[in-house]
Amino acid sequence: MNWIYLIAAGLFEVVWAATMKLSHGFTKLNYTALTILGMIASFMLLAKATKTLPLSIAYPIWTGIGALGAIIVGFIFFGDKISPLTWIFIVLLLVSIIGIKLTTSN
């Protein structure tokens with residue numbers, strides 16, 4: 001269950017990052033509220049996950065899911081331009097996240 005909490009926490013990190021951009025510097029109240037709710041959900045789920053997972057595992061995976069998700073959301077929904085070389089490093093980030101999970105005993 002701790003891994004489910006951690007994955008959900010990472011996904012909520014993507015939510016708050018995307019809604020923060022949509023809030024236009026916290027000037028749009030509805031997106032600002034969604035940003036805050038996403039942050040609260042993300043941190044609460046991360047806190048639940050770190051009750052049983054080591055911080056040295058949970059935190060990098062949480063940030064990695066958030067980073068990968070933000071890249072994908074930025075590319076698909078916000079039209080962010082990503083160079084071919086950057087895509088190589090994005091794949092390396094994904095491989096690193098998977099590697100951390102596969103080499104963890106929890």
Side-chain angles (χ1 to χ4, degrees):
M1 194 67 180
N2 51 1
W3 283 100
I4 293 170
Y5 291 143
L6 184 58
I7 291 167
L11 294 174
F12 273 108
E13 187 178 5
V14 176
V15 168
W16 73 253
T19 56
M20 184 172 59
K21 177 163 178 67
L22 292 170
S23 77
H24 292 279
F26 301 118
T27 60
K28 293 189 175 187
L29 196 54
N30 56 341
Y31 288 114
T32 299
L34 288 173
T35 300
I36 293 167
L37 290 173
M39 287 177 172
I40 291 169
S42 181
F43 286 117
M44 288 180 69
L45 288 164
L46 177 62
K48 275 184 104 78
T50 57
K51 282 183 175 181
T52 54
L53 288 174
L55 180 64
S56 60
I57 301 302
Y59 186 77
I61 290 181
W62 175 67
T63 57
I65 291 169
L68 286 173
I71 291 166
I72 292 166
V73 167
F75 181 74
I76 293 172
F77 295 105
F78 298 118
D80 294 353
K81 304 296 181 217
I82 300 172
S83 73
L85 183 58
T86 303
W87 280 112
I88 292 170
F89 290 107
I90 292 167
V91 169
L92 288 173
L93 179 57
L94 177 61
V95 168
S96 297
I97 293 168
I98 293 168
I100 290 170
K101 168 59 176 125
L102 292 176
T103 59
T104 302
S105 60
N106 291 11

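Position 1 is the first residue of the sequence; numbering continues from there. Heavy-atom basis, side chains included; hydrogens, waters and symmetry copies ignored.
Judged purely by atom type and a 3.5 angstrom limit, S42 has no side-chain atom pairing as donor or acceptor with the backbone of M39.
Every residue two or more places apart in sequence or in another chain that forms a side-chain contact (heavy atoms from CB on, under 4.5 Å) with I71 is listed here: I82, I90. With sequence neighbours left out, V73 forms a side-chain contact (heavy atoms from CB on, under 4.5 Å) with V14, A18, F77, F78. Listed by chain and residue number, L6, L46, T50, L53 satisfy the side-chain contact (heavy atoms from CB on, under 4.5 Å) test with A58 (two or more places apart in sequence, or in another chain). For F75, the ring pair (Phe, Tyr, Trp, His ring centres under 6.0 Å) test picks out W87, with sequence neighbours left out. In terms of the side-chain hydrogen bond (donor to acceptor under 3.5 Å, both in side chains) criterion, residue partners of T86 (sequence neighbours excluded) are, by chain and number, S83. Under the side-chain hydrogen bond (donor to acceptor under 3.5 Å, both in side chains) criterion, T19 pairs with T35, sequence neighbours left out.
Residues W16 and L45 are members of separate hydrophobic clusters, defined by side-chain heavy-atom contacts under 4.5 angstrom among Ile, Leu, Val, Met, Phe, Trp and Tyr. Cluster annotation: F26 is connected to L34 through the hydrophobic network of ILVMFWY side chains, with a link wherever side-chain heavy atoms come within less than 4.5 Å. Placement of I40 and V15 in two distinct hydrophobic clusters is found when ILVMFWY residues are connected by side-chain heavy-atom separations under 4.5 Å, directly or transitively. Note on L55: it clusters hydrophobically with I97, by side-chain heavy-atom contacts below 4.5 Å among ILVMFWY residues.
Remark: T63 OG1 to E13 CD distance equals 7.0 Å, nearest 0.5 Å. Taking CG of L68 as the start and CD1 of I61 as the end, the distance is 11.5 Å to the nearest 0.5 Å.
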Check: Could you go step by step and tell me if W3 and T104 meet the side chain to side chain contact (heavy atoms under 4.5 Å, CB included) rule?
Finding: CA-CA 11 Å; W3 283 100; T104 302; 4.0 Å; yes
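Residues K101 and I98 are not in side-chain contact: their nearest non-hydrogen atoms beyond the backbone lie 4.5 Å or more apart. Proximity of K51 to Y5: side-chain heavy atoms (C-beta onward) are nowhere separated by under 4.5 Å.
In terms of heavy-atom proximity, L11 sits nearest to I65 at N-CG2, 3.9 Å.
Annotation: L102, atom CG; neighbour count of heavy atoms from other residues, nucleotides and ligands within 6.0 Å is above 12.
Residues W62 and F12 place their aromatic rings such that the two centres sit no closer than 6.0 Å.
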